[in-house]
2 protein chains.
Amino acid sequence: MKAQALHGHLDALLLAVLEQGALHGYAIIEALRARSDGSLDLPTGTIYPALRRLERAGHVASTWSTVSGRERRTYQLTDSGRRALAGERAGWREFQLTVGRFLDPESPPTPS
Amino acid sequence: MKAQALHGHLDALLLAVLEQGALHGYAIIEALRARSDGSLDLPTGTIYPALRRLERAGHVASTWSTVSGRERRTYQLTDSGRRALAGERAGWREFQLTVGRFLDPESPPTPS
DNA sequence: CCTTCATGCGTAGCTACGCTACTTGTCGGA
DNA sequence: TCCGACAAGTAGCGTAGCTACGCATGAAGG
């Protein structure tokens, strides 16, 4: 799908992925791809700046580690991030309902 | 709701509104507000450029008229626009499913 | 040995697009 | 007379995702 349609919802996706456990950037990209059956194949130039943004906002915290000679920056959700995720979920529901009122096929009141 | 979250879906909303009949810009804004119960209160600086964009793309056509001394530019959906709307609807469904897989609460498999 | 690919991080610059703030103009009502 | 609803529009801004890079390590294959 057109990834640019994510606009405004990427942060929520990242928080949702990290909700299930801390991951490093590259693994986050793979997790998004896996959990979306390949629909979301986001480039590093999208993910890394977004993670920095979330860290600046205090929603995630990062720690460096070295795994077999490679540097990894592992991100984990903070309490603030968990609250933000709850808000994003609520926002998503509202967004979904509002846009759906225009784009979803209307359920026929008299099906038979 | 935060209107900037519309990013990428505004065109679809406009096409959906015009699907039910031709309207002029100002009336489109009111239709969006009405059909969304006030959630979508979009400024003219958002709507008018978007309509021009859709017209350049051939998805809508406009005609001027004067109603009680006021100039109106009425937009109507073209065939191309109808096709585009169908595509937007399909895209919306996919987007909804994909993002929902991360943000919607998972239906518990064993409720009891 | 050397090249290639997957892993892993990152930035610079571009572009799309919605928003803010503004202008212009008519009409009706206080 | 002046203000607010109606009606259209633009200029400039900011956000944020994308493209296209660069750098480095380790494993695999010729």
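A, B, ... follow the sequence lines: proteins, then strands. Residue 1 opens every chain.
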- prompt: B:Arg33 versus B:Leu40: any side-chain heavy-atom pair under 4.5 Å?
  reply: no

query: Given atom CG of B:Leu51 and atom P of C:dC17, what is their separation to the nearest angstrom?
result: 14 Å

statement: B:Leu10 atom CG is separated from C:dG18 atom P, nearest whole Å, by 5 Å

- request: Mind grabbing the angle between the end helix axes of the helix from C:dC1-D:dG30 to C:dA30-D:dT1? Five pairs an end, 10° rounding.
  value: 0°

- line: To the nearest angstrom, the CD1-C1' distance between A:Ile47 and D:dA16 comes to 12 Å

- request: Would you mind reporting whether A:Leu51 and A:Ile28 have side-chain heavy atoms less than 4.5 Å apart?
  value: yes

query: Just by modelled atom types, is the A:Gly58 backbone N or O under 3.5 Å from a matching donor or acceptor in the A:Thr78 side chain?
result: yes

message: Whole angstroms only, please: what is the CD1-P distance between B:Ile28 and D:dG9?
response: 11 Å

message: Measure CD/B:Glu30 against P/D:dC6 and give the value in whole Å, please.
response: 6 Å

task: Measure the acute angle between the ring planes of B:His7 and A:His7, then classify it against the limits of 30° and 60° as parallel, tilted or perpendicular.
output: parallel

- request: Mind checking the CD-CZ spacing from A:Glu88 to A:Phe95? Nearest 0.5 Å is all I need.
  value: 12.0 Å

field: For B:Leu23 against B:Ala31, the heavy-atom pair lying closest together
entry: CD1-CB, 4.1 Å

- request: Check B:Thr98 against A:Ser36 and note the closest heavy-atom contact, atom names and distance.
  value: CG2-CB, 3.9 Å

field: Shortest non-hydrogen separation from B:Arg35 to B:Ala16 and the atoms involved
entry: NH1-O, 4.0 Å

- prompt: In chain order, what residues pass the ring-ring contact (aromatic ring centres under 6.0 Å, His included) check against B:His24, with sequence neighbours excluded?
  reply: none

query: Which residues satisfy the side-chain contact (heavy atoms from CB on, under 4.5 Å) test with A:Thr63, sequence neighbours excluded?
result: A:Thr74

message: Please give me every residue in residues 64-75 of chain A whose heavy atoms get under 4.0 Å of an atom in DNA chain C, ordered by residue number.
response: A:Trp64, A:Arg70, A:Glu71, A:Arg72, A:Arg73, A:Tyr75

task: For B:Glu55 and D:dA8, give me the distance from atom CD to atom C1', rounded to whole Å.
output: 13 Å

So which protein N/O to nucleotides 10-15 of chain D N/O distances come out below 3.5 Å?
none

task: Scan for salt bridge (charged side-chain N to carboxylate O under 4.0 Å, His left out) pairs involving residues 57-70 of chain A, sequence neighbours excluded, and state none if there are none.
output: none

